[in-house]
Amino acid sequence: MSKPNILTDVPNLNYSETSNYSNPEEFTELVKSRRSCRVYTDEPIPEEVMQKCLDLALLAPNSSNLQPWEFYWVKSKEKREKLNHYCLDQATARTAPEMIVAVARRDTWKRSRQLMLKAFSEQKEIKVADSAISYYDKLVPLAYSQGPLGSFGMMKRIALSFMSISKPTPRQPKSISDMRVWANKSTALACENLMLAFRAHGYDTCPIEGLDQRRVRRLLELPYKAEVCMAISVGKRADTGIYGPRVRFDRDLFVKKV
Ligand SMILES: Cc1cc2nc3c(=O)[nH]c(=O)nc-3n(C[C@H](O)[C@H](O)[C@H](O)COP(=O)(O)O)c2cc1C
């Protein structure tokens, strides 16, 4: 008998999770009311709200549940002044009561893989699919290792191009830049969770990529493989905080029914 495939074979588990949540009107209002805010009042944000929203960010979907993100809530006054400056002194950073820097980690998957295997081993009540254990044990190292200077990635690229002749084959990540994209994708999803969470609590945000990546990395003492995905300013919008009505182009440019 062939081994179960985690992607195609549905495991027989003693677990089910239901949700009756449905509130499209509230969600529509939430999404529509999120605007990028460039000027804030100096009203402080309660610690509890900050922590809750950060917790909600961590619930974002992410690749293989390897959670390749970190969030630096910059509290030190000295660091904060530098961060404002490294965000090019943008008004949104300067006036924000709080700033969070979202960091993408293409290098923490090894730790996360071990944590997943540990979580599985501690899950006594609920059965874990053998295919899931095998996925983190065997497939994850194969999929995410790139080797010194991307050498293993290069070998994967060649092997995958042969495999893909006869069947659909996942082609990424097979290079260090693929790993950067990989980590940034999941981190950006968590950023959206974070921004919507703040909105739900009555606060505003602005994603910031107009920053000096190298200086911010040094400020946060990030390791070489860590990358600033974006900074996020947070606060209560000032009357002048939103610079104009929202502009979106014709939806036919973006939404394709195929
Ligand atoms: C990745 C990313 C980076 C951004 N960087 C900046 C920035 O550095 N400064 C800024 O004022 N706005 C920044 N924005 C906000 C965009 O300008 C804004 O989202 C866009 O104009 C649409 O407006 P809305 O968010 O109000 O819908 C950024 C947005 C994203 C998603």
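Along the sequence shown, residues carry numbers from 1. We count ligands from 1, going down the list as the structure has it; atoms in each ligand are counted the same way.
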Thr92, any N or O under 3.5 Å of ligand 1 N or O
no
Once the angle between the rings of Trp109 and Tyr144 is folded into 0 to 90°, is it parallel (under 30°), tilted (30 to 60°) or perpendicular (over 60°)?
tilted
Are there over 12 heavy-atom neighbours, none belonging to Arg180, within less than 6.0 Å of that residue's CZ?
no
Name the closest protein heavy atom to atom 19 (O) of ligand 1, giving the residue it belongs to and the distance to 0.1 Å.
Ser36 OG, 3.1 Å
Atoms in ligand 1 flagged as close to Arg34, the criterion being non-hydrogen separation under 4.0 Å:
24 (P), 25 (O), 27 (O)
Is a salt bridge present between Asp137 and Arg113, judged by a nitrogen-to-oxygen distance below 4.0 Å?
yes
What atoms of ligand 1 come closer than 4.0 angstrom to any heavy atom of Gln90?
7 (C), 8 (O), 9 (N), 10 (C), 11 (O)
Would you find a donor on one side and an acceptor on the other, under 3.5 Å apart, between the side chain of Arg38 and the backbone of Ala93?
no
Taking 4.0 angstrom as the limit and counting only heavy atoms of Ile208, give me the atoms of ligand 1 inside it, by number and element.
5 (N), 6 (C), 7 (C), 8 (O)
Look at the side-chain heavy atoms of Ile, Leu, Val, Met, Phe, Trp and Tyr, link any pair under 4.5 Å apart, and say whether Trp69 and Met230 land in one connected group.
yes
protein heavy-atom neighbour closest to atom 3 (C) of ligand 1 works out as Glu209 CG, 3.2 Å
If Ile, Leu, Val, Met, Phe, Trp and Tyr residues are connected whenever their side-chain heavy atoms lie under 4.5 Å apart, and connections chain through other members, are Tyr203 and Ile232 in the same group?
yes
From the options Arg248, Arg38, Arg35, select the one whose nearest heavy atom is closest to atom 22 (C) of ligand 1.
Arg248
Glu192 contact mode with ligand 1 (heavy-atom cut-off under 4.0 Å):
neither
Any luck finding a side-chain donor-acceptor pair between Gln172 and Trp182 under 3.5 Å?
no
Run the numbers for me: atoms of ligand 1, each under 4.0 Å from some heavy atom of Gly210, listed by number.
8 (O)
Heteroatom distance test (Met230, ligand 1): nitrogen or oxygen, under 3.5 angstrom:
no
When you measure from atom 29 (C) of ligand 1 to every protein heavy atom, which one gives the shortest distance, and what is it?
Pro207 CG, 3.3 Å
The answer for which part of Cys206 has a heavy atom under 4.0 Å from ligand 1 is side chain
Using modelled atom types and a 3.5 Å cut-off, is there a donor and acceptor pairing between side-chain atoms of Gln67 and backbone atoms of Pro61?
no
Within 4.0 Å of atom 7 (C) of ligand 1 (strictly less), any protein heavy atom?
yes
Taking Leu222 as the starting point, is it possible to reach Val74 by hopping between hydrophobic residues whose side chains are less than 4.5 Å apart?
yes
